[in-house]
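Whatever order the structure lists them in is the order used to number ligands and atoms, beginning at 1.
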Amino acid sequence: MENPAQDKAFPVSWDMFHRDSRALAWRLSSEGEWKAIVCITRGGLVPAGIVARELGIRTIETVCIASYHDYDSQGSLKVIKPIDPKVIDLEDGEGSGVLVIDDLVDTGKTLKVVREMLPKAHYATVYAKPVGVPMVDTFITEVSQDTWIYFPWDMGWQFQPPLSKETAG
Ligand SMILES: O=P(O)(O)OC[C@H]1O[C@H](OP(=O)(O)OP(=O)(O)O)[C@H](O)[C@@H]1O
Ligand SMILES: O=c1[nH]c(=O)c2nc[nH]c2[nH]1
Ligand SMILES: [Mg+2]
């Protein structure tokens with residue numbers, strides 16, 4: 001949910017998201033041999049699909065987390081579905097060789113919860129805000145903390161009034 005303290009807007013189109021997710025895949029391709037992807041639902045589902053396609057990864061797992069919002073700011077986090085032990089146990093039981101993907105890191109609270117499950121995994125997001133940067137290993141674009149990122153799956157077409165007060169039409 002939009003936060004009133006994040007009054008700048010960073011709208012992202014499908015094309016832009018696809019291009020940025022491919023850029024993330026490109027960067028990750030030289031950072032390791034990935035055995036599996038764990039995507040953080042729901043926002044991580046879309047970039048995880050794009051990265052999996054680019055890198056030829058076919059083992060894709062979810063960790064399902066819901067945040068409860070209080071007055072438009074992030075409240076407590078609840079793990080609705082944990083990571084399958086088969087994925088955790090792929091190598092050392094701590095996530096080596098596993099790529100964890102989300103659409104963005106903001107405060108870093110979501111990644112912190114998942115890092116406790118897979119401390120040695122590699123954490124990647126498409127976008128990052130400064131407070132969350134220490135929690136992520138690879139990201140593509142940084143936006144300021146007072147910016148709200150608008151993802152294409154949350155948006156729809158709408159009439160835009162002109163900048164001048166003149167009535168359009
Ligand atoms: O760094 P943080 O402050 O934890 O915020 C980042 C998280 O917030 C959003 O998910 P959200 O909980 O809104 O759920 P969704 O992915 O289901 O939309 C986003 O997709 C990240 O997962
Ligand atoms: O769509 C979103 N945009 C954001 O900037 C954000 N920050 C936390 N959660 C978010 N969700
Ligand atoms: Mg999310």
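If you look at Leu77 next to ligand 1, there are no close heavy atoms at all, none under 4.0 Å. Residue contacts with ligand 2 for Leu104 involve side-chain atoms from C-beta outward but no N, CA, C or O (heavy atoms, distance under 4.0 Å). Of the heavy atoms in Asp102, only side-chain atoms (C-beta onward) come closer than 4.0 Å to ligand 1. The side chain of Asp103, and not its backbone, has at least one atom closer than 4.0 Å to an atom of ligand 1 (non-hydrogen atoms only; side chain from C-beta on).
Asp20 and Tyr127 share a donor-acceptor pair across their side chains, judged by distance under 3.5 Å alone. A side-chain N or O of Asp146 and one of Ser144 form a donor-acceptor pair less than 3.5 Å apart. Judged by distance alone, the side chains of Glu54 and Ser29 never bring a donor and an acceptor atom under 3.5 Å apart.
Remark: Arg27 does not engage Glu31 in a salt bridge, criterion side-chain N to carboxylate O under 4.0 Å. Under a 4.0 Å N-O distance rule, the pair Lys81/Glu61 qualifies as a salt bridge.
The shortest N/O to N/O separation between Gly43 and ligand 1 falls below 3.5 Å. At under 3.5 Å, not a single nitrogen or oxygen of Tyr150, backbone or side chain, sits near a nitrogen or oxygen of ligand 2. Close N/O approach between Ile149 and ligand 2 is found [any backbone or side-chain N/O within under 3.5 Å]. Considering backbone and side-chain N/O of Gly108, one or more are found under 3.5 Å from N/O of ligand 1.
Atoms of ligand 2 lying under 4.0 Å from any heavy atom of Asp106, numbered from 1 in the order shown and given with element: 6 (C), 7 (N), 8 (C). Shown in contact with Leu104 at under 4.0 Å from a heavy atom are these atoms of ligand 1, numbered in order with element: 6 (C), 21 (C). Each of the following atoms of ligand 1 lies closer than 4.0 Å to a heavy atom of Val105: 1 (O).
In this structure, of Trp148, Trp153, Phe10, the residue bringing a heavy atom nearest to atom 2 (C) of ligand 2 is Trp148.
Counting only distance, with no hydrogens or angles, the side chain of Trp34 and the backbone of Leu28 share a donor-acceptor pair below 3.5 Å.
The closest approach between any non-hydrogen atom of Gln6 and ligand 2 is not below 4.0 Å.
Ring geometry for Tyr150 against Trp148 counts as perpendicular: the plane angle is over 60°, on a 0 to 90° scale with 30° as the lower cut.
In the displayed structure, Trp26 atom CH2 is contacted under 6.0 Å by at most 12 heavy atoms of other residues, nucleotides or ligands.
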